[in-house]
Amino acid sequence: MRRQKLADLRAAGFDPFRANVEPTHFSQDAIAQYVDEQDNTVTVTVAGRLITFRVQGGSSFVKIQDQQGVIQLYFRKDVLGEERYMVFKKQLDLGDLIGVTGTLFKTKTGEITVRVESFTLVAKALRPLPEKWHGLSDAEQVYRQRYLDLIVNQESRKRLMTRSRIVSHIRRFLEDRQFLEVETPVLQGVAGGAAARPFETHHNALGTDFVLRISLELYLKRMLVGGYDRVFEIGRNFRNEGVSRRHNPEFTMLEVYQAYSDYRGMMTLVQDLFRSLCNDVLGTAQITHAASGEVIDFAADWREVKYKDIIREKTGNPDWFNLSKADKIAGVEALGLKVDPKWEDYEITNEIFGKLIEPKLIQPTFVTHLPKELCPLAKITADDPTTIDVFELIIGGMEIAPAYSEQNDPDVQRQMFEAQAGEEVQKIDHDFLLALEHGMPPAGGMGIGIDRLCILLTGAESIRDVILFPQLRNTAG
RNA sequence: GGGUCGAUAGCUCAACGGUAGAGCAGCGUCCUUUUAAGUCGUUGGUUCUGGGUUCGAAUCCCAGUCGACCCA
């Protein structure tokens, strides 16, 4: 039927796919032009997708949707003339893209509406829209055909637009503080800066294998060596691991490095960032955590606690870190967890943190001074050689932002890498160590998982709800 | 990788092992201020795929595909 209408239009000498309009306003901007009590004095041209169609004899109300939202249009036979009115009634379908010019007026129910004087079809929808009332709820179709989800599901539209605003706001926030945005390689010889399995690929002309980056860290630190004292990058990382509500194989990280600062400086920075996001993007500092229903209050003071203290608190044992491995295993099992006896001491303890503590930290919490084994890139704490000068910011039971006082001693860095790599010395980034030998300023660094940040700030339940096109299995054909 | 659940009209969903249905969308009719507009009529199906059981399968069994959730 829709193809027939298209054929009829073409037979009448009009091809919608060759037509265009010049909108003067987006929908909401147009509505704002209306002058109270002065119907039909302001002329606007708006364009968008037809999403409701209510014909009643010689007059009709329809609604179109654009980037800003929805605006109502009023078509009348006596305004348009018999012939054009019939084209409107018979040739247009829900889903078509049209442009109209007309004057603004207020209906008797108070809705500001365009009284259409002329209209143009600029693209014919050959397939019908999903149902208007229930929307599109099939998860697979929502992800694979996100454009349909965006057309019919207002929450998805709003949520994903909020993501754009969050990212844009972060850029402005950092630029205001003299941070420089840089772009570093996605294709790398060694996947450094984190512990994760990379995707592998091959460059034909160079005849060499590459991995896709799993972290931005080591290249941004090279920028510190190069004299860029405040840098950041917002970029895609790739990890060849599980897919879940919290994990997508490609995800967006922000990493920030500030010379002559440290992890405490990052603490201030991240709190300021959240405060300004709440203020300027969300308009509120209280957000309901989807999974627990608890209200997260970003305006309240953020808790700060040392890793060892929170473990001692959970285990009820002030002497936990002096226990033998066997006693630690017994202690962990007493808490209802299973551990592999082959694990290192710190892994056994960290199981308590990961399973019993982190998921319960809903309000913003800085956990500081983590065991040094958990990260080889940070400075050792001056008065405790078993921990590092770092924090892990936990909100909503998720790791949102780790930050370090960055290790800038090339010899200590080399030892840490070697200890971590074990047999796999080929995985050490020697070029990075060479850079450190030229002198990297002391610095604070921080990473924020943008996807998780968006989950948190939009109250979403899954990472797939804040990524436009989340990864799914390929379908045959 | 393991477990649980799911896939039926364009969309949202029904249907005891016994004629595949509704609402919206579509098509036709009436209607010049509607708000999920209303009215009367009407079209529409590889029931995810492939096997099996049965007189008879959307329904039961097996295998596969895709997805969701939980676990690793």
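Residue numbers start from 1 in every chain, and the chains themselves are labelled A, B, ... in the order their sequence lines are given, proteins ahead of strands. Remember, predicted model here, so these are calculated numbers, not experimental data. Only this structure's heavy atoms are used, side chains among them; waters, hydrogens and symmetry mates stay out.
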- line: Paired to B:A57 by Watson-Crick or G-U wobble criteria (both distances under 3.5 Å) is none

- prompt: What is the base-pairing partner of B:U4, counting Watson-Crick and G-U wobble geometry with both distances under 3.5 Å?
  reply: B:A68

message: Would A:Lys308 and A:Phe321 count as a cation-pi pair here, with the cationic atom under 6.0 angstrom from the ring centre and within 45° of the axis?
response: yes

task: Cation-pi check, A:Arg84 to A:Phe119: give yes when NZ or CZ is under 6.0 Å from the six-membered ring centre and within 45° of the ring axis, no otherwise.
output: yes

- request: Would you indicate what A:Tyr143 reaches in the nucleic acid, counting non-hydrogen atoms under 4.0 angstrom: base, sugar-phosphate, or nothing?
  value: sugar-phosphate

field: Any donor-acceptor N/O pair under 3.5 Å between B:U35 base and A:Glu111 side chain
entry: yes

Position toward the 5' end of RNA chain B (nearest nucleotide), A:Asp78 or A:Leu92: A:Leu92

Quick one: is [N] close enough that its OP1 or OP2 comes under 4.0 Å of any side-chain N or O from [X]?
| X | N | answer |
| --- | --- | --- |
| A:Lys5 | B:C27 | yes |
| A:Ser137 | B:U12 | yes |
| A:Arg54 | B:U35 | no |
| A:Gln141 | B:C11 | yes |
| A:Lys132 | B:A25 | yes |

- request: Apply side chain to side chain donor-acceptor pair (under 3.5 Å) to the pair A:Gln4 and A:Asp8, showing each step before the final yes or no.
  value: CA-CA 6 Å; A:Gln4 184 58 50; A:Asp8 289 348; 2.9 Å; yes

task: Going by the side-chain contact (heavy atoms from CB on, under 4.5 Å) test, name the single residue among A:Ile467, A:Ile234, A:Leu453 that passes it with A:Thr252.
output: A:Ile234

- prompt: Of the candidate nucleotides B:C31, B:G67, B:A68, which contains the atom at the shortest distance from the side chain of A:Arg473?
  reply: B:G67

